[in-house]
Amino acid sequence: MTDYNIKIENVVASTKLAEEFDLTKIEAEFEGAEYNKQKFPGLVYRVSNPKAAFLVFTSGKVVCTGAKNVDDVHTVIADMAKKLNGIGIDTLEKPDITVQNIVASADLKAVLNLNAIAIGLGLENIEYEPEQFPGLVYRIDEPKVVVLIFSSGKLVVTGGKSPENCEEGVEVVRQQLDNMGLL
Amino acid sequence: RLRKWQRRIRVSNATERNLAFALSELDRMASALGLPRTVRETAAVVYRKAVDKNLIRGRSIEGVAAAALYAACRQCSVPRTLDEIGEVSRVSRKEIGRTYRFISRELSLKLMPTSPIDYVPRFCSGLSLKGEVQSRGVEILRQASEKELTSGRGPTGVAAAAIYIASILCGERRTQREVADVAGVTEVTIRNRYKELAEELDIEIIL
DNA sequence: GCTTTAAAAAGTAAGCT
DNA sequence: AGCTTACTTTTAAAAGC
């Protein structure tokens, strides 16, 4: 009944794997690695199983994005460290991995009147410009997430640091819409 | 002290010069878009409020002027799209949109999203369609709104589709291309919207 | 502010057959 | 007309312009 099909679509995390990296060397050793210093200061490297994309910087810091869940983030980063070790690059022992952002989708399973929701939530609290984008943007303070609300009843929750944040975000929206009789 | 006065005069001159430039910009853009004097005056009021709240800092006069005009058109129910404002401004559509969001929030303009209905008079006159067709189009849009066929859709596209249908029902048919050109959308969009409207509102279209 | 990554939502757009 | 690709919005980190 409380089935909103909440699904995590993307997890972004950052960590420090070494004190410094020779990106030119990594680019030469890793197949498919892209590095154009003038274009972007980080090296781009994509992996699969689990699927994810890395941004590697000369400072030794790394950004991992595209993972479907938090466990995968740890798995892929551990794999990445192993690969680096494999080409003779040492990595830090216990990297501090920080989840920076989680994107999730959900479905309230009801057709929504976005104009009514805009008024209900307060025009000063939302952004809804159908000429520009079909979704209504609702920023929540607690948890601090942003929810995109569509007329189909589908939602996108982003900005959360944990899966719980995303679930809470969906619940906050569901309850507010319900209280206004717009669900 | 004389210095102090000179500085004030200098600042005053700069402020007046900037305001004069902004107002001439508003006039130039409004003329290019064929907007009535009331809209220019509304835009000038919005711009002055932005100046009074120091919202120009870190932004270009042209950008704020374009955003003020965009907001004024909506306040006066004679909306122009961001693309249309962008065509007569040196500032990009993206910058105008971001500046609009900023001043809209800071000045608490609280504008509802643009209604497709507000585009009907302009599009119809652009197609030389009579008041009867306009009324039909507006009626179709009211029904569409009640049946939740406008949420999340581009206002210009829905308005164009309603006018396309109304022109046929009134025996003054305009082609999808003619309506698309006036509304600034593609024929594909008109087709998608009008099929949805015709089906959901049970309107028989015989071509 | 921009650059780069990934991902969903739904609408609109452009190119090709 | 359809299909495919792609851009609109939001989010966060990284280093540098």
Side-chain angles (χ1 to χ4, degrees), chain A residues 5-17 20-21 23 34-47 50-69 72-73 76 97-108 112 114 126-140 144-161 165-166 169, chain B residues 58-59 81-83 92-95 97-98 101 150-158 160 176 180 183-193 195-196:
Chain A
N5 299 332
I6 299 180
K7 180 187 177 189
I8 293 180
E9 307 284 357
N10 182 27
V11 178
V12 182
S14 63
T15 188
K16 184 172 182 178
L17 283 181
E20 60 177 326
F21 277 137
L23 301 186
E34 305 166 23
Y35 180 44
N36 296 300
K37 192 174 184 180
Q38 34 271 90
K39 189 182 178 190
F40 186 67
L43 173 151
V44 179
Y45 185 58
R46 296 177 176 75
V47 299
K51 182 183 177 185
F54 282 92
L55 296 182
V56 185
F57 300 87
T58 57
S59 63
K61 290 185 178 180
V62 157
V63 170
C64 174
T65 184
K68 288 296 183 185
N69 61 66
D72 280 357
V73 168
V76 209
I97 299 174
T98 306
V99 171
Q100 305 285 0
N101 177 35
I102 293 181
V103 182
S105 60
D107 189 354
L108 295 181
L112 307 175
L114 299 185
I126 62 92
E127 279 180 25
Y128 174 44
E129 298 293 333
E131 173 197 322
Q132 181 96 148
F133 185 69
L136 182 155
V137 182
Y138 184 39
R139 291 184 165 73
I140 300 174
K144 186 177 176 300
V145 296
V146 174
V147 182
L148 304 184
I149 306 173
F150 297 84
S151 62
S152 64
K154 298 280 186 61
L155 309 175
V156 168
V157 185
T158 186
K161 299 288 189 190
N165 286 165
C166 298
Chain B
R59 261 161 280 270
T81 62
L82 280 177
D83 280 333
S92 70
R93 190 227 70 206
K94 187 164 187 172
E95 179 61 25
R98 125 180 15 166
R101 288 182 198 175
T150 62
S151 271
R153 279 97 174 174
T156 54
V158 191
Q176 292 181 4
V185 297
T186 64
E187 294 169 282
V188 178
T189 295
I190 301 234
R191 215 168 286 136
N192 290 335
R193 292 299 128 240
K195 282 181 180 173
E196 182 176 45

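Note: hydrogens, waters and symmetry copies are ignored here, and every other heavy atom, side chains too, is used. Letters go in sequence order (proteins before strands), and every chain restarts at 1.
Within 4.0 Å (heavy atoms only), K195(B) reaches sugar-phosphate atoms of the nucleic acid but no base atom. S152(A) comes within 4.0 angstrom of the backbone, heavy atoms only, and of no base. The residue K37(A) sits apart from the nucleic acid: no heavy atom pair falls under 4.0 Å. Residue contacts for G154(B): at a heavy-atom cut-off of 4.0 Å it reaches the sugar-phosphate backbone alone, with no base atom in range. Residue contacts shown for V146(A) are limited to sugar-phosphate atoms, with no base heavy atom under 4.0 Å away. Backbone-only contact: S59(A) has heavy atoms under 4.0 Å from sugar-phosphate atoms and none from a base. R193(B) comes within contact range of the sugar-phosphate backbone alone, with a heavy-atom separation under 4.0 Å but no base atom that close. Residue-level contact check: V185(B) touches the backbone only, with heavy atoms under 4.0 Å from sugar-phosphate atoms and none from bases. Nucleic acid contact for G184(B): sugar-phosphate only, since backbone atoms but no base atoms lie under 4.0 Å from a heavy atom of the residue. Residue contacts for K68(A): at a heavy-atom cut-off of 4.0 Å it reaches the sugar-phosphate backbone alone, with no base atom in range. Contact annotation for G42(A): no contact, since no heavy-atom pair falls under 4.0 Å across all strands.
By the ring-ring contact (aromatic ring centres under 6.0 Å, His included) test, F54(A) is found to be paired with no residue, residues two or more places apart in sequence or in another chain being considered.
Of the two residues contacting DNA chain C, namely V103(A) and P155(B), the nearest-nucleotide position lying further toward the 5' end is that of V103(A).
Between R191(B) and dG2(D) there is no side-chain polar atom (N or O) within less than 4.0 angstrom of OP1 or OP2. Side-chain N/O atoms of Q132(A) include one lying less than 4.0 angstrom from OP1 or OP2 on dT9(D).
To the nearest angstrom, P of dT10(D) lies 13 Å from CD1 of I126(A). The CD-C1' distance, from E129(A) to dT8(D), rounds to 13 Å in whole Å. The interatomic distance linking E127(A) (CD) with dT8(D) (C1') rounds to 14 Å, in whole Å. Atom-to-atom, CG of L43(A) to C1' of dA14(D) comes out at 13 Å; the value is rounded to the nearest Å. At whole-Å resolution of the value, CD in Q100(A) and C1' in dT11(D) are 11 Å apart. K39(A) has its NZ atom 16 Å from the C1' atom of dG16(D), to the nearest Å. dG2(D) atom C1' lies 11 Å from atom CG of N192(B), rounded to whole Å. Atom CG of L55(A) and atom P of dA14(D) are 11 Å apart (whole Å).
K7(A) places no side-chain N or O within 3.5 Å of a backbone atom of S105(A) that could act as its donor or acceptor partner. Proximity of a side-chain donor or acceptor of S151(B) to a complementary backbone N or O of L114(A) within less than 3.5 Å is detected.
Ion pairing between a basic and an acidic side chain is recognised when a charged N comes within 4.0 Å of a carboxylate O; E34(A) and K39(A) show no such pairing.
For residues 50-61 of chain A, no pair satisfies side chain to side chain donor-acceptor pair (under 3.5 Å), with sequence neighbours left out.
Put simply, the side chain of T158(A) and the base of dT11(D) share a donor and an acceptor less than 3.5 Å apart.
Using P as the reference atom, dT4(C) and dA6(D) are 15 Å apart when rounded to the nearest Å. When the P atom is compared between dA9(C) and dG2(D), the two are found 23 Å apart, to the nearest whole Å.
When DNA chain C is scanned 5' to 3' for any atom under 4.0 Å from a heavy atom of chain A, the first and last hits are dT3(C) to dG11(C).
With hydrogens and angles left out, the side-chain atoms of T81(B) and E131(A) include no donor and acceptor closer than 3.5 Å.
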| message | Apply salt bridge (Lys or Arg N to Asp or Glu O under 4.0 Å) to residues E196(B) and R153(B) and explain how you reach the verdict. | response | CA-CA 12 Å; E196(B) 182 176 45; R153(B) 279 97 174 174; 2.8 Å; yes

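Taken to the nearest 0.5 Å, the CG atom of N10(A) stands 7.0 Å off from the NZ atom of K68(A).
Taking the six-membered ring for Trp and the full ring otherwise, F21(A) and Y35(A) have centroids separated by 6.0 Å or more.
Pair assignment for dG15(C): dC3(D), on the basis of Watson-Crick or G-U wobble contacts that are both within less than 3.5 Å. In a base pair of the Watson-Crick type (N1 to N3 plus N6-O4 or O6-N4) or a G-U wobble (N1-O2 and O6-N3), with each distance short of 3.5 Å, dT3(C) is matched with dA15(D).
For N101(A), taking side-chain heavy atoms from C-beta onward, the closest of the listed nucleotides dT11(D), dT9(D), dA13(D) is dT11(D).
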